[in-house]
2 protein chains.
Amino acid sequence: MPYSNTGHEVLIVVFQVRHFSDTSNTPRDAPELGVLLWQRALDPQAGTWSLPGGRLRDDEDLTSSARRQLAEKVDVREVAHLEQLSVFSAPDRVPGARTIASTYLGLVPITSDPQLPDDTTWHPVADLPEMSFDHRIMVANAHARLAAKLSYTNIAYALTPSEFSMSTLREIYCAALGYQVDATNLQRVLARREVLTRTGTTAPSGKSGGRPPALYRFTDSRLRVTDEFAALRPPG
Amino acid sequence: MPYSNTGHEVLIVVFQVRHFSDTSNTPRDAPELGVLLWQRALDPQAGTWSLPGGRLRDDEDLTSSARRQLAEKVDVREVAHLEQLSVFSAPDRVPGARTIASTYLGLVPITSDPQLPDDTTWHPVADLPEMSFDHRIMVANAHARLAAKLSYTNIAYALTPSEFSMSTLREIYCAALGYQVDATNLQRVLARREVLTRTGTTAPSGKSGGRPPALYRFTDSRLRVTDEFAALRPPG
């Protein structure tokens, strides 16, 4: 029969820019982009690492399910942004009965340090362990979405502290993108688009004892497209 | 049992900017954004209008299913852009067994005039007929995505002729967005972002007999983000 019923699961790619003390693929003390994974104790694929999530229940929609399942791994109050990503629907993506997966992107600010269950930990996105099923491509897909949105929205607000110096912001952008960006250019483009607001205060002096850096915050703490064509804005 | 199996359907929101001779909510001859709908002959909700699509088969993924089901309504070679949109998963969104819907956005160039089955026709998005189930909100969701992408990508290439004057391009943007945009601003911003290329030729003179307008084409005919932060481009 070509139209069997299928199962539906929700999987959440939770990213946080954080310090990994035990990795060495970035300069000492530089933060990296991490993803939240749990290790499967049972087959199929016991020992591999999976995204948090699970089956959709009869009485919930996908977003309710994502929040419920995330809550089993991490305090969801720590998640500053949650959005639907993609659907993974290859007929043979998991063994056994067909299961379609909807993925979500979740972002946790660098200042959060959520309690985690014993089977769950953060892994650097640049150095993933052996992943379950198609979960590695889901992480890559989510990372591509995050990188794209960093370039045309204010989504970085969900990764940063509430107030930050430009050098901290630059570190977070570099970690989230996976390559170096120039702090002067970053500040100029974000200022021109009115994405950042100066708080009027300064941070304690840096390690080098120089002039105390100015602090900034994101003007909005809701997602918006920051660089829409001005010519295309709706009237009024 | 809280985890029953569910059905999964794919629904495609196909937009075309086109001339509707029998509507009068825009100036005479101005094109409008249309959406492809078919009228249900049978219950549930006989007589209401639905998006093209249907159930996911066991042997196909969502994108294959979208192309297959679209082919039943319209020659898919006429669809210049197809992308996954959202998942509609409210437990009671349709009567009977639970069915989750994945929606796609499809775009047809203004120059296409595809053959349609008898039950299928284009409707102005601004004047929809009585819609089935949650299909009206799916159209609104797709329209919002199209409007957003018009403002930060080159997606309009999938709505235009291969070559066009600025006044034709402006008409298409106005129709797709649902409000007026200024041709001079539009040309300036698209030129600065290198979205448009002059063909070096001109159109036949306009009705008013003035200077023949220059013709343009989209530089790329694949979707790209046109206004990413220059500061955030990957190296190399």
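Side-chain atoms are counted along with the backbone in the values below, which use heavy atoms only and exclude waters and symmetry mates.
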By a 4.5 Å heavy-atom criterion (distance strictly below it), what part of Ser102(B) contacts chain A: side chain, backbone, both, or neither?
-> side chain

Measure from the side-chain N and O atoms of His8(B) to the backbone N and O of Leu56(B), and report whether any donor-acceptor pair falls under 3.5 Å.
-> no

Please state whether the side chain, the backbone, both or neither of Ser86(B) comes within less than 4.5 Å of a heavy atom of chain A.
-> both

Phe164(B) and Tyr157(B): aromatic ring centres closer than 6.0 Å?
-> no

Proximal component of Arg98(B), with respect to chain A [non-hydrogen, under 4.5 Å] = side chain

Any donor-acceptor pair under 3.5 Å from Arg40(B) side chain to Pro44(B) backbone = yes

Just by distance, do the side chain of Thr219(A) and the backbone of Glu194(A) share a donor-acceptor pair under 3.5 Å?
-> yes

May I ask you to name which of Asp59(A), Ile100(A), Asp92(A) has the most heavy-atom pairs under 4.5 Å with chain B?
-> Ile100(A)

